[in-house]
Student: 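Let me begin by handing over the structure; questions about it come next.
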Amino acid sequence: MLGNPNVGKTSIFNRLTNLLAKTSNFPGTTIDRRIGRVELRAGKTITLVDLPGMYSLEASSPEEEVARDFIAGESEKAPDAVLIVVDGTHLQRTLVVARQALQHGRPTLVAVNMIESARKRGIEIDLTLLSRKIGCPVVGVSARTGEGFDRLKSQLEVVLAGPALPVLLPGCEPESEPTVAGNALAADTDSEACGACRVCPYADGHQWATSLARESTRGALVASDEATDRADRILTHAWFGLVVFAGVMLAAFSLVFYFAQYPMEWLDGAFASLSGWVSSVLPEGDFRSLVTDGIIGGVGGVMIFLPQILILFFMLAILEDSGYLARAVVVVDRWMRRVGLPGQAFVPLLAAHACAIPAIMATKVIENRRDRLVTIMVIPLMTCSARLPVYSMVAAMLFPSQPLMAAGLFAAAYALGMLAAFVVAFLLKLTLLPGEPSPLILDLPPYRAPSIGNALRYAYERGWMFLRDAGTVILLISIAIWVLSTYPKLSDEGFEASLASSNVSVETLSEPELENMRASADQKYAIIGRMGEVVAPVFKPLGFDWKISVGVMTSFAAREVVVSTLSVLYGLGPEPENESSLQQRLASATNDDGTRVFNAATCVSLLVFFVLAMQCLPTQAVTKKETGSWGWAVFQFVYMTLLAYGAAFVAYQAVSSFT
């Protein structure tokens, strides 16, 4: 199944598969595809592969390349048939990719979606005529109401059971007679009459689609909605549109924190209870410490933030499905162009909020090398899902019972990343990569009521990807951090000697104080304590103690690891009397002088550092691959590290002066 973005392809897929689908990558790529089972009549079941949304199969982007290779059978077994989804309210635009797919000669079925919206807007589509002109079955459906899905399934059976039908192709000129082309569209454009079509490589397809739409449509060719136009005049306004965008984002983040606080408390308490139960079952010793402090403490320290990740992606899916995010592109593009970013960069920058790796790969759609390099250099500054646990940890410690304030901090972190990207792009425009960016051409989808089912599915998929990809790394690093924090062990004689050297009398210490001092001495004597003592002076100006410094160092492999590292390091030692949850453990951590480790200045400094720092080695590898040079990858790492350090230093000093 293939089609343009915003034609309702995902909604059709979900309705056909009843949401019983899985997400996987194309072999050798990071590009997602969804695979589901569709039950037809008489118990027959087929496999449906939902290809990425695209405007062309000319392979100018990674998504288009894998889709073309999949349909052609070059990457794996070719499909038995192709289901093409087009938009009934924008028929001539969405038919272009159908023409390209038909040229591969596969048995084909066309589903005209949003058929009820087309009727409401005065568009009447002659499906019989359209089927005869194209040369394959055409079915009108509505993914929202379910109209036409019984006929769609029956036609799927027909297409799969019978041979491919002849496809009729109008000539280059709209008035010319159709030509029979067997099982695929005729590709002969060598006649003199078609010479003008070679001016644009896509002119053939657009002329064919426009001619076909005019012949098969009565009434308006394109849906026109005055209410949509009026809304766009406000939402895409140069200044008021920015205010709306900021308000929408703040509202979305507020809902994230408001709804996530309860499941986060349940998860936090559940992990704490699990740790307590394991402690009561297992005998005291290193193995119990490994399970409770290393595994449960490390993994649980990150997993408690999963509700916020799920709700955030749910909100983003709602905004995208409603058609608003495309308007946000128009608003932001005006500012992007001023700083040297091309309009085509917005889609990769938006994708980077999930993960920077596929976002960098998606920059292949930007033809101008200068524009592409600028985009690659700033993509890692966007807030990816790996940063969310860090943001959530800081927000929870600063504003534990103030969802609106926490949402404001979250929004500020996102805004800081985007602002930094704009500043860096502008500086690159003035120095290493001078020039003006290419203009943006964007097709705005219609406003529509978002699909709750689609949003839930998207949130589930992103949450599962986070658990699958980050879970293993977090588990392994948590165990490694525990080992490094436990061995070698400090002997009793060594502890007594350390007390004597610090002029501390054991008789003057209470039992809890003695346990705390022993735990601190054990950690400092272990390998990780020695590592921390080495790197601590580097990060001390940012307000980080040696444990946070170690967390920062380990996070260069993967950003989210810092939360599990801190959970392990601050979880080792005696349990506080009145506080047992993992989150409370971090919030109540104190320095040797009794002051809080995570005070306001340190929290803000840590947040700023993680917003701006390059802490993802796989991203560096992809940058090298896409730019063709380690030089750009090294430059990206160096400038982001220096930027993060400098900004965190300023933030720490500024907040410290006011607190």
Student: With a 4.5 Å limit on heavy-atom distance, are the side chains of M377 and L428 in contact?
Tutor: yes

Student: On a heavy-atom basis, which atom in V655 and which in A600 lie closest, and how many Å separate them?
Tutor: CG1-C, 3.9 Å

Student: If you draw a 6.0 Å radius around OH in Y487, do more than 12 non-hydrogen atoms from other residues or ligands fall strictly inside?
Tutor: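 Count over threshold, so yes.
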
Student: Please check if the side chain of S656 supplies one atom and the backbone of Y652 the other of a donor-acceptor pair under 3.5 Å.
Tutor: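 Pair found, side chain donor or acceptor close to backbone of Y652.
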
Student: My understanding is that only residues two or more places apart in sequence, or in another chain, count here; which of them pass ring pair (Phe, Tyr, Trp, His ring centres under 6.0 Å) with F426?
Tutor: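 For F426 there are no ring pair (Phe, Tyr, Trp, His ring centres under 6.0 Å) partners, ignoring immediate neighbours.
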
Student: Could you tell me if the side chain of I360 sits less than 4.5 Å from the side chain of P348, heavy atoms only?
Tutor: no

Student: Taking the side chain as every heavy atom from C-beta outward, state whether M393 and L606 have any pair of such atoms under 4.5 Å apart.
Tutor: yes

Student: Supply the atom-to-atom distance L255 CG to M315 CE, rounded to the nearest 0.5 angstrom.
Tutor: 4.5 Å

Student: Within the side chain of S289, is there an N or O that forms a donor-acceptor pair under 3.5 Å with the backbone of G285?
Tutor: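 It does not hold such a pair.
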
Student: Side chains of N599 and T602: is there a donor and an acceptor less than 3.5 Å apart?
Tutor: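 Yes, because at least one side-chain N or O of N599 sits under 3.5 Å from a partner of the opposite role on T602.
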
Student: Mind checking whether P307 and Y262 have side chains closer than 4.5 Å, heavy atoms only?
Tutor: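 Side-chain contact under 4.5 Å: no.
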
Student: For a quick test of reading the model, state the closest non-hydrogen atom pair linking I452 to F314 and the distance between them.
Tutor: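 Shortest heavy-atom contact: O-CE1, 4.1 Å.
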
Student: Are T619 and M614 close enough, and set up right, to give a side chain to side chain contact (heavy atoms under 4.5 Å, CB included), and what steps lead you there?
Tutor: CA-CA 9 Å; T619 299; M614 165 54 74; 4.0 Å; yes

Student: State, with a plain yes or no, whether a side-chain heavy atom of V248 is found less than 4.5 Å away from one of L319.
Tutor: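 Yes, at least one pair of side-chain atoms sits under 4.5 Å.
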
Student: Would you check, one step at a time, whether the test side chain to side chain contact (heavy atoms under 4.5 Å, CB included) holds for L341 with W335?
Tutor: CA-CA 9 Å; L341 280 168; W335 299 95; over 6 Å; no

Student: Mind checking the CG-CH2 spacing from L484 to W482? Nearest 0.5 Å is all I need.
Tutor: 10.5 Å

Student: List the atom of V611, the atom of G417, and the distance in Å for their closest heavy-atom pair.
Tutor: CG1-N, 3.7 Å

Student: Show me the side-chain donor-acceptor pairs of residues 627-637 shorter than 3.5 Å, one per line, residues at least two apart or across chains.
Tutor:
from: T627; atom 1: OG1; to: T623; atom 2: O; distance (Å): 2.7
from: T627; atom 1: OG1; to: S629; atom 2: N; distance (Å): 3.4
from: T627; atom 1: OG1; to: S629; atom 2: O; distance (Å): 3.2
from: S629; atom 1: OG; to: G631; atom 2: N; distance (Å): 2.9
from: Q636; atom 1: OE1; to: Q620; atom 2: NE2; distance (Å): 3.0
from: Q636; atom 1: OE1; to: T623; atom 2: OG1; distance (Å): 2.9
from: Q636; atom 1: NE2; to: I376; atom 2: O; distance (Å): 2.8

Student: I need the minimum non-hydrogen distance between V538 and Y645, along with the two atoms involved.
Tutor: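 Where V538 meets Y645 most closely, the heavy atoms are O-OH, 2.6 Å.
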
Student: Within 45° of the axis and under 6.0 Å from the centre of the six-membered ring of F544, does NZ or CZ of K540 qualify?
Tutor: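 Geometry flag: not set, cation outside 6.0 Å or 45°.
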
Student: What's the separation between atom CG in L643 and atom CZ in F609, rounded to the nearest 0.5 Å?
Tutor: 10.0 Å

Student: Going from CD1 on I296 to OG on S279, what distance comes out if it is rounded to the nearest 0.5 angstrom?
Tutor: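 Rounded to the nearest 0.5 Å, the CD1-OG separation comes to 7.5 Å.
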
Student: Please find the pair of heavy atoms, one from P380 and one from R387, that lie closest to each other, and give the distance.
Tutor: O-NH2, 2.8 Å

Student: Which atom pair, heavy atoms only, marks the closest approach of T383 to A413?
Tutor: OG1-O, 4.1 Å

Student: What's the spacing between I295 CD1 and L274 CG if we round to 0.5 Å?
Tutor: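 The CD1 atom of I295 sits 10.5 Å away from the CG atom of L274.
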
Student: Is there a side chain to side chain contact (heavy atoms under 4.5 Å, CB included) between I528 and T486 once you walk through the steps?
Tutor: CA-CA 8 Å; I528 204 162; T486 306; over 6 Å; no

Student: Decide yes or no for D286 and K489: does some side-chain heavy atom of the first lie under 4.5 Å from some side-chain heavy atom of the second?
Tutor: yes

Student: For the residue pair F410 and L388, establish whether any side-chain heavy-atom pair is separated by less than 4.5 Å.
Tutor: yes

Student: Under 4.5 Å between any side-chain heavy atoms of L566 and F598, yes or no?
Tutor: yes

Student: Starting from the C-alpha separation in whole Å, work towards a yes-or-no answer on side chain to side chain contact (heavy atoms under 4.5 Å, CB included) for F649 and S605.
Tutor: CA-CA 7 Å; F649 175 79; S605 175; over 6 Å; no

Student: Quick check for you: to the nearest 0.5 Å, what is the distance between T363 atom OG1 and R369 atom CZ?
Tutor: 10.5 Å

